[in-house]
Amino acid sequence: MKKNEKKDDVRLAAEHILDNYLEMNNHRKTPERYAILRAVYSIEGHFTLDELGEKMADEYKFPVSRATLYNTLNLFLELRLVVRHRFQGTTKYESCYASKGHCHQICTVCNRVTEVTIPEIAEVISSVHLKRFRKDGFSLYIYGICSVCQAAITRKSRKLKDKKQ
């Protein structure tokens with residue numbers, strides 16, 4: 001199965017979950033909710049509320065208010081279709097249906113967030129038995145300094161050292 005086909009399958013499954021929830025709870029099936037869900041599942045990785053709003057307006061030609069985005073993302077959080085992260089004072093979201101979990105490297109200097117795959121951690125988490133608790137997924141944050149920032153810090157300290165000599 002190709003990557004795009006798999007993404008479409010995941011998006012369709014997420015739409016099915018949304019359909020069922022809205023029907024069971026007598027909520028309206030608004031075009032905004034479905035357009036936002038399609039936009040969320042078309043984004044690779046993390047996004048902010050503003051980035052999602054821009055995508056809705058620019059690519060989908062479907063501008064929605066910030067309040068609609070916020071309320072819809074809260075619904076998606078409740079349905080476990082989206083996960084919210086708070087990275088270094090910034091709130092970001094990402095689609096999470098059919099995702100078992102992953103790790104994030106966060107640079108404490110430039111705030112860059114990189115997703116990393118660490119099979120050993122995923123294996124340990126999947127093998128851990130938790131009493132009276134069913135695991136849906138995980139997210140791990142690893143804080144440090146990226147190589148770009150580390151190189152800049154090293155250059156700066158060398159310049160200071162050279163000036164003192």
Side-chain angles (χ1 to χ4, degrees), residues 1-119 121-122 125-126 130 133-146 148-149:
M1 183 180 289
K2 294 179 183 174
K3 187 177 180 181
N4 283 342
E5 289 174 354
K6 185 176 181 188
K7 280 182 75 168
D8 287 342
D9 288 348
V10 169
R11 182 187 48 79
L12 288 171
E15 284 183 14
H16 183 69
I17 289 169
L18 179 60
D19 276 339
N20 287 341
Y21 174 84
L22 296 174
E23 286 172 11
M24 287 183 356
N25 292 285
N26 294 319
H27 292 300
R28 293 180 310 133
K29 292 182 176 183
T30 64
E32 290 84 359
R33 288 177 172 152
Y34 290 92
I36 292 168
L37 187 67
R38 281 190 294 280
V40 163
Y41 276 80
S42 73
I43 296 172
E44 290 287 331
H46 309 103
F47 59 89
T48 65
L49 201 64
D50 292 334
E51 291 166 343
L52 179 59
E54 288 171 19
K55 185 173 190 80
M56 293 295 299
D58 297 342
E59 289 182 37
Y60 286 78
K61 306 297 184 221
F62 201 125
V64 292
S65 71
R66 188 173 175 83
T68 298
L69 287 173
Y70 182 78
N71 291 332
T72 303
L73 284 177
N74 278 337
L75 171 63
F76 295 169
L77 284 164
E78 184 180 323
L79 298 175
R80 302 252 323 121
L81 299 175
V82 169
V83 64
R84 176 177 36 220
H85 300 283
R86 291 203 171 81
F87 299 128
Q88 304 288 90
T90 303
T91 300
K92 295 209 173 196
Y93 301 87
E94 72 179 315
S95 61
C96 68
Y97 181 76
S99 170
K100 297 295 178 198
H102 54 275
C103 305
H104 302 88
Q105 290 177 162
I106 304 169
C107 179
T108 55
V109 177
C110 69
N111 296 328
R112 183 170 173 226
V113 177
T114 308
E115 287 188 17
V116 292
T117 303
I118 307 173
I121 290 176
I125 289 173
S126 69
L130 302 169
F133 188 80
R134 182 180 59 89
K135 297 173 286 197
D136 286 334
F138 73 93
S139 188
L140 175 69
Y141 304 110
I142 305 168
Y143 295 93
I145 301 173
C146 71
V148 173
C149 290

Return all side-chain donor-acceptor pairs below 3.5 angstrom for residues 69-79, not counting sequence neighbours, or 'none' if the list is empty.
from: N71; atom 1: ND2; to: A67; atom 2: O; distance (Å): 3.2
from: T72; atom 1: OG1; to: T68; atom 2: O; distance (Å): 2.7
from: E78; atom 1: OE2; to: Y21; atom 2: OH; distance (Å): 3.3

### Task
Kindly give the heavy-atom pair with the smallest separation between F47 and S95, and that separation in Å.
CE2-N, 4.4 Å
#### Entry: Ring centroid separation F138 to H102 under 6.0 Å
no
### Any side-chain heavy-atom pair of L18 and Y34 under 4.5 Å
yes
### Message
Looking at K61 and M56, would you say the former's side chain and the latter's main chain have a donor-acceptor pair under 3.5 Å?
### Response
no
#### Entry: With sequence neighbours excluded, residues passing salt bridge (charged side-chain N to carboxylate O under 4.0 Å, His left out) with K29
D19, E23
### For C146 against C107, the heavy-atom pair lying closest together
N-SG, 3.4 Å
### Message
Are R38 and E15 packed together at the side-chain level, in the sense that at least one heavy-atom pair is separated by less than 4.5 angstrom?
### Response
yes
### Query
C103 versus I121: any side-chain heavy-atom pair under 4.5 Å?
yes
#### Entry: Spatial distance of atom CG (L49) from atom OG1 (T91) [nearest 0.5 Å]
9.0 Å
### Summary
Between H85 and S139, the two heavy atoms sitting closest are CE1-OG, 3.3 Å
#### Entry: Heavy-atom check, side chain of R66 versus side chain of D50, under 4.5 Å
yes
### Query
Does NE2 belonging to H27 count more than 12 external heavy atoms closer than 6.0 Å?
yes
### Task
Determine, stepwise, if the pair E32 / F62 fulfils side chain to side chain contact (heavy atoms under 4.5 Å, CB included).
CA-CA 8 Å; E32 290 84 359; F62 201 125; 3.6 Å; yes
#### Entry: Donor-acceptor under 3.5 Å (R84 side chain, E94 main chain)
no
### Query
Strictly by modelled atom types, are Y60 and S42 linked by a side-chain donor-acceptor pair under 3.5 Å?
yes
### Message
Within the 3.5 Å criterion, strictly below it, is a donor on E51 or H46 matched to an acceptor on the partner's side chain?
### Response
no
### Message
Can you confirm whether V148 sits close enough to V109 that some side-chain heavy atom of one is under 4.5 Å from a side-chain heavy atom of the other?
### Response
no
### Query
Taking the side chain as C-beta and beyond, is there a heavy-atom pair between Y41 and L81 under 4.5 Å?
yes
### Centroid-centroid distance, H104 to F87, less than 6.0 Å
yes
### Task
Could you grab the distance from atom CD1 of I36 to atom OG1 of T30, nearest 0.5 Å is fine?
7.5 Å
### Message
I want to check something: taking the side chain as every heavy atom from C-beta on, are L130 and K135 in contact at a cut-off of under 4.5 Å?
### Response
yes
